[in-house]
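Report on the structure given below.
Computed over heavy atoms, backbone and side chain alike; hydrogens, waters and symmetry mates excluded. Atoms within a ligand are numbered from 1 in the order they appear, just like the ligands themselves. In this chain, residues are counted from 1 in sequence order.
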Amino acid sequence: MEQKQSLKILVVSAEVVPFAKSGGLADVAGSLPQVLAAKGNDVRIVMPRYREITQEMHYITDFPVQMDWRRETCIIRRSQIGCNSKGETKEIPVYFVDSYHYFDREGMYCHLDDGERFAFFCKAVLHMLPKINFQPDVIHCNDWHTGPITFLLKHKFKTDPFYKNIATVFTIHNLQYQGNYSKDILKVFDIDESYFNPEQLEFYGRFSFIKTGILYADVINAVSETYAKEIQTPEFGELLDGVLRKRSKDLYGIVNGIGAEQFNPNSDPMIYKNYDVNHIELKKDNKHGLQKEAGLPLKDVPLIGLVHRLVEQKGLDLIIDVFDELMNFDVQFVVLGLGDLYYERMFKKLQEKYPDKVAAFFEFNEALAHKIYAGADIFLMPSRFEPCGLGQLISLKYGTIPIVRAVGGLVDTIQDFNLGTATGNGFVFEEYSPEAFFQAVKRCLSIYNDRKDLWDNLVKSALTSDYSWDKQAEKYIHLFRLATEKNKLKIFQESCKI
Ligand code: GLC
């Protein structure tokens with residue numbers, strides 16, 4: 001078989017597990033590189049250095065970055081993530097873009113100057129490369145914070161031979177977060193005003209980080225096939241569907257994987273009792289552990305779990321709408337998440353109303369999240385939209401059956417349970433309505449309560465399902481190669497244009 005050359009890959013992300021996380025982006029940016037590296041590629045990661053990051057790191061270099069009329073010093077530091085490759089432990093370098101001015105503050109996002117902060121990050125990433133002596137074949141940009149790297153590379157750095165052959169892939173984890181800022185940011189990027197038109201960088205009167213990524217990357221990727229299709233429609237396109245349709249030839253969808261070691265009920269040190277497909281009865285110990293920790297009665301009733309950012313996207317209003325009806329059933333409900341105060345208050349009220357049935361935790365707590373994945377029987381994900389979704393994959397891995405809405409990555413990963421054929425790995429509903437959602441919940445509860453044989457089979461087949469990164473990482477490698485080919489072709493075309 002032909003031995004393909006390994007790739008040099010720079011993964012750029014605003015958040016990376018285990019250093020900083022607000023959502024699934026961090027999980028992907030922390031786990032995909034490990035599998036890419038295990039397959040023999042030279043992978044490096046770069047992210048901002050937020051104040052909250054506590055891991056040890058080393059100073060590498062510093063340099064000034066021109067920000068309009070000012071210069072801000074960028075300090076590059078380095079840490080690493082370990083990865084297992086054929087029994088050996090390898091280290092993936094993680095570089096941090098540090099700036100006392102932009103990043104040494106409370107909280108990762110939601111500062112008034114976020115546009116400028118991430119403009120600094122984009123510029124610093126490109127300036128860093130020769131200084132750390134790393135010339136990647138491809139830069140993998142993730143979400144809006146990194147979009148302008150694609151443009152800067154192609155329009156501002158291309159005359160420098162160091163950058164000429166570097167290709168870009170832009171992955172959209174969530175089109176709703178766009179990074180749209182006032183036109184003034186052009187000065188910070190030192191981009192000529194002539195680019196500020198609807199065909200290029202302008203987006204409803206503002207400069208859009210995400211539109212820039214979509215327009216100038218060699219290849220674009222969304223985190224599932226269905227989401228890649230959906231975002232080309234007005235319903236899911238967040239006003240960018242036209243731009244995405246224009247680039248549809250270069251738009252792909254690769255479903256995320258999850259870290260096989262990070263989420264393994266058989267070895268997970270965070271859960272109450274390890275178990276596997278041959279010992280599903282031990283799942284009950286996890287349920288009891290969770291009930292104790294959550295202050296709920298120790299009972300063998302269906303335990304419904306929810307671990308999400310508490311935001312509108314997640315379809316929480318459907319759950320709240322049917323909550324009283326749900327409480328007519330003998331069930332328990334545990335929610336863990338942080339987000340909009342509105343949802344926190346709603347769940348807090350429900351906890352007060354049903355203290356024997358509901359427990360709510362408003363915090364970021366990885367260990368408790370694992371305990372819920374392991375201890376719950378049912379996991380809710382009635383999302384309004386869902387680019388990929390990791391919760392349903394993790395819950396399957398722990399033998400916890402998901403109830404999901406048929407959108408985005410949920411369509412690509414969850415098949416509705418069919419009572420006739422006893423096939424499927426979850427419960428799926430289509431219409432975004434409390435009735436449709438509750439119908440799915442009732443179907444699920446009736447199998448749990450009345451058909452123990454079928455339920456146990458569902459749990460067993462969930463426990464043996466494979467949503468690890470291995471196959472998906474191969475697809476990314478193909479995409480990276482495709483991006484380098486496209487970049488070469490563009491360079492060739494430009495070199496002989498008349
Ligand atoms: C975002 C999306 C989620 C996806 C994750 C990782 O958090 O909302 O659906 O799984 O990014 O790609």
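- Nearest to atom 2 (C) of ligand 1 among the protein's heavy atoms is H173 O, 3.2 Å.
- Considering only heavy atoms from C-beta on, H145 comes within 4.5 Å of Y109 through its side chain.
- For K8 and D137, the salt-bridge test fails: no basic side-chain N is under 4.0 Å from an acidic carboxylate O.
- For atom 3 (C) of ligand 1, the nearest protein heavy atom (residue, atom name, distance) is E386 OE2, 3.4 Å.
- The shortest heavy-atom distance from G389 to ligand 1 is under 4.0 Å.
- At the shortest separation from atom 8 (O) of ligand 1 among protein heavy atoms lies Q313 NE2, 3.1 Å.
- When each of V35, I9, T171, V138 is tested with Y476 by the rule side-chain contact (heavy atoms from CB on, under 4.5 Å), just one qualifies, namely T171.
- Screening L303, L336, I304 against I372 for a side-chain contact (heavy atoms from CB on, under 4.5 Å) leaves a single residue, L336.
- The pair D268-K397 does not meet the salt-bridge criterion, since no charged nitrogen lies less than 4.0 angstrom from a carboxylate oxygen.
- Each of the following atoms of ligand 1 lies closer than 4.0 Å to a heavy atom of R309: 7 (O), 8 (O).
- Salt bridge absent: K471 and D466 never bring a charged side-chain N and a carboxylate O closer than 4.0 Å.
- Salt bridge annotation for K154-D218: present, with a cationic side-chain nitrogen under 4.0 angstrom from a carboxylate oxygen.
- By the 3.5 Å distance cut-off applied to N or O atoms, K314 is not counted among the residues near ligand 1.
- Closest heavy-atom approach to atom 6 (C) of ligand 1 within the set V255, V223, N256, D27: this belongs to N256.
- In the vicinity of N174, heavy-atom distances shorter than 4.0 Å reach the ligand 1 atoms 8 (O).
- Taking only nitrogen or oxygen atoms, main chain and side chain alike, V28 does not reach within less than 3.5 Å of ligand 1.
- The shortest separation from a heavy atom of G23 to ligand 1 is not under 4.0 Å, leaving the residue out of contact.
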